[in-house]
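In the text below, chain A, chain B and the rest are named by the order of the sequence lines, each starting its count at 1.
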2 protein chains.
Amino acid sequence: MSVRLTRAGEYAVRCVLCLARRGRGELVSRKEVANEADIPGQFLAKIAQQLARQGVIEILQGAGGGYRLLAEPNHITMLEVIETIIGEISLNDCVVRPASCENSGLCAVHQVWCQAQEQLRDHLRGVTFADLLAEEDKLLHS
Amino acid sequence: MSVRLTRAGEYAVRCVLCLARRGRGELVSRKEVANEADIPGQFLAKIAQQLARQGVIEILQGAGGGYRLLAEPNHITMLEVIETIIGEISLNDCVVRPASCENSGLCAVHQVWCQAQEQLRDHLRGVTFADLLAEEDKLLHS
DNA sequence: TGATATAAGACTAAGTATATCTTAATTATC
DNA sequence: GATAATTAAGATATACTTAGTCTTATATCA
Ligand code: SF4
Ligand code: SF4
């Protein structure tokens, strides 16, 4: 059941990956992204706004507007994109807010969660969108 | 926001840890566990039933009844206890149900999720309740 | 039999996720 | 400047999940 990415987080990754395929600075309309990445248009708008606030993408308004990637794909990590949308990844409340459990100072389980969480975050921090594009290429030509 | 343990999962770990402290085979009433581990009584009942079905603990009904650990603490892993309650840990739908996304066969992101998920599960599989007890002991005497 | 304790399922309330709808603001082009 | 295209922002809606309680039945001990 639990411990899973939200739909919005998944869409954010798809959106950035879609823009990364066109290359940094390339302008792509929301409709194009929505179609290509299979994201509900209005929902994509919300997600894109968050990515823009974080500085991952830039949004151009008005006719002929759209989205474009601000940074190079090899400088954008999956962790960054995901946490922009869903907040800091947290396996258990007490990891992010130790005060939520009075026991957290002396709890062996707490330490396990902290370690597991950082391992997971490190893993995602180690994957850039350039990596994803390269891997995608490999998958297509095999 | 997301990617976090549920309350029920947290309670399950507390419950098993509480029983492990008393030692395998020791009978402890639900009320005692609920008090010691700070778990709502009726909610604990549900969780214990699931743990019993999985064979982690045994439940004795009737007057003088309660819970007892069936296996040795060093044979019970955090992963086992948690997944008994919340189902298989899954970072993204497509990992557990590849059919949920038509793209999963050629998706580089999909692979990342699969790897990250297995890394996380391996981590939790590597922690037994004997480990937790030992660590707890260290924390208390330092 | 009566007291104690858990079983099992229905039920509830609150929170979260996943959008959509509406109105407004921005920009390009004619 | 008018019009069309495009995104912004906030309100709203729906469904799902979580977290927990309530009730009735069942099992055990003394
Ligand atoms: S008991 Fe330990 S793991 Fe559970 S919430 Fe408290 S600190 Fe965290
Ligand atoms: S696009 Fe890739 S990561 Fe996203 S759901 Fe589909 S297979 Fe999974």
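The interatomic distance linking A/K31 (NZ) with D/dA5 (C1') rounds to 8 Å, in whole Å. Distance, B/D93 CG to D/dC16 P: 14 Å, rounded to whole Å. The CG-P distance, from B/L5 to D/dT18, rounds to 11 Å in whole Å. The separation between B/R4 atom CZ and D/dT17 atom P is 17 Å, rounded to whole Å. Nucleotide D/dT26 holds its P atom 18 Å from the CZ atom of B/R30, rounded to whole Å. When the P atom of C/dT20 is taken as reference, atom CD1 of A/I47 falls 11 Å away, rounded to whole Å. Atom OH in B/Y67 sits about 7 Å away from atom C1' in C/dT6, given to the nearest Å. Between the CZ atom of B/R68 and the P atom of C/dT6 there is a distance of 13 Å, rounded to whole Å.
Taking a cutoff of 4.0 Å between a charged side-chain nitrogen and a carboxylate oxygen, A/E83 and A/R121 qualify as a salt bridge. Between A/R7 and A/E10 there is no salt bridge, since no side-chain N of the basic residue sits under 4.0 Å from a carboxylate O of the acidic one. At a threshold of 4.0 Å, the pair A/E36-A/R21 counts as salt-bridged, since one of the basic side-chain nitrogens sits closer than that to a carboxylate oxygen. Between A/E26 and A/R68 there is no salt bridge, since none of the side-chain N atoms of the basic residue sits less than 4.0 Å from a carboxylate O of the acidic one.
Of the candidate nucleotides D/dA8, C/dT20, D/dG20, D/dA8 has the atom nearest to the side chain of A/I59. Set against C/dG9, C/dT22, C/dA17, the side chain of A/T6 has C/dA17 as its closest nucleotide. Among C/dA7, C/dT6, D/dT21, the nucleotide with an atom closest to any side-chain atom of B/P40 is D/dT21. Of the candidates D/dA19, D/dT7, D/dA8, D/dA19 carries the atom nearest the B/R7 side chain, counting heavy atoms from C-beta on.
Within the 4.5 Å cutoff, the side chain of B/I59 has no heavy atoms near those of the B/L51 side chain.
Atoms CZ and CD1, on B/R125 and B/I89 in that order, are 9.5 Å from each other to the nearest 0.5 Å. Put simply, CG on A/L132 and CG on A/L139 are 10.5 Å apart, with the number rounded to the nearest 0.5 Å.
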Find every protein N or O atom lying less than 3.5 Å from an N or O atom of nucleotides 28-30 of chain D, and list the pairs.
unit_1: D/dT28; atom_1: O2; unit_2: B/A63; atom_2: N; d: 3.1

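An OP1 or OP2 oxygen of C/dA8 is reached within less than 4.0 angstrom by a side-chain nitrogen or oxygen of B/Q49. Look at A/Y11 and you'll find a side-chain N or O under 4.0 angstrom from OP1 or OP2 of C/dA19.
Nearest-nucleotide mapping onto DNA chain C: of B/A52 and A/Q42, the residue sitting toward the 5' end is B/A52.
B/A8 comes within 4.0 angstrom of the backbone, heavy atoms only, and of no base.
The base of C/dA19 lies outside donor-acceptor range of the side chain of A/K46, with no N or O pair under 3.5 Å.
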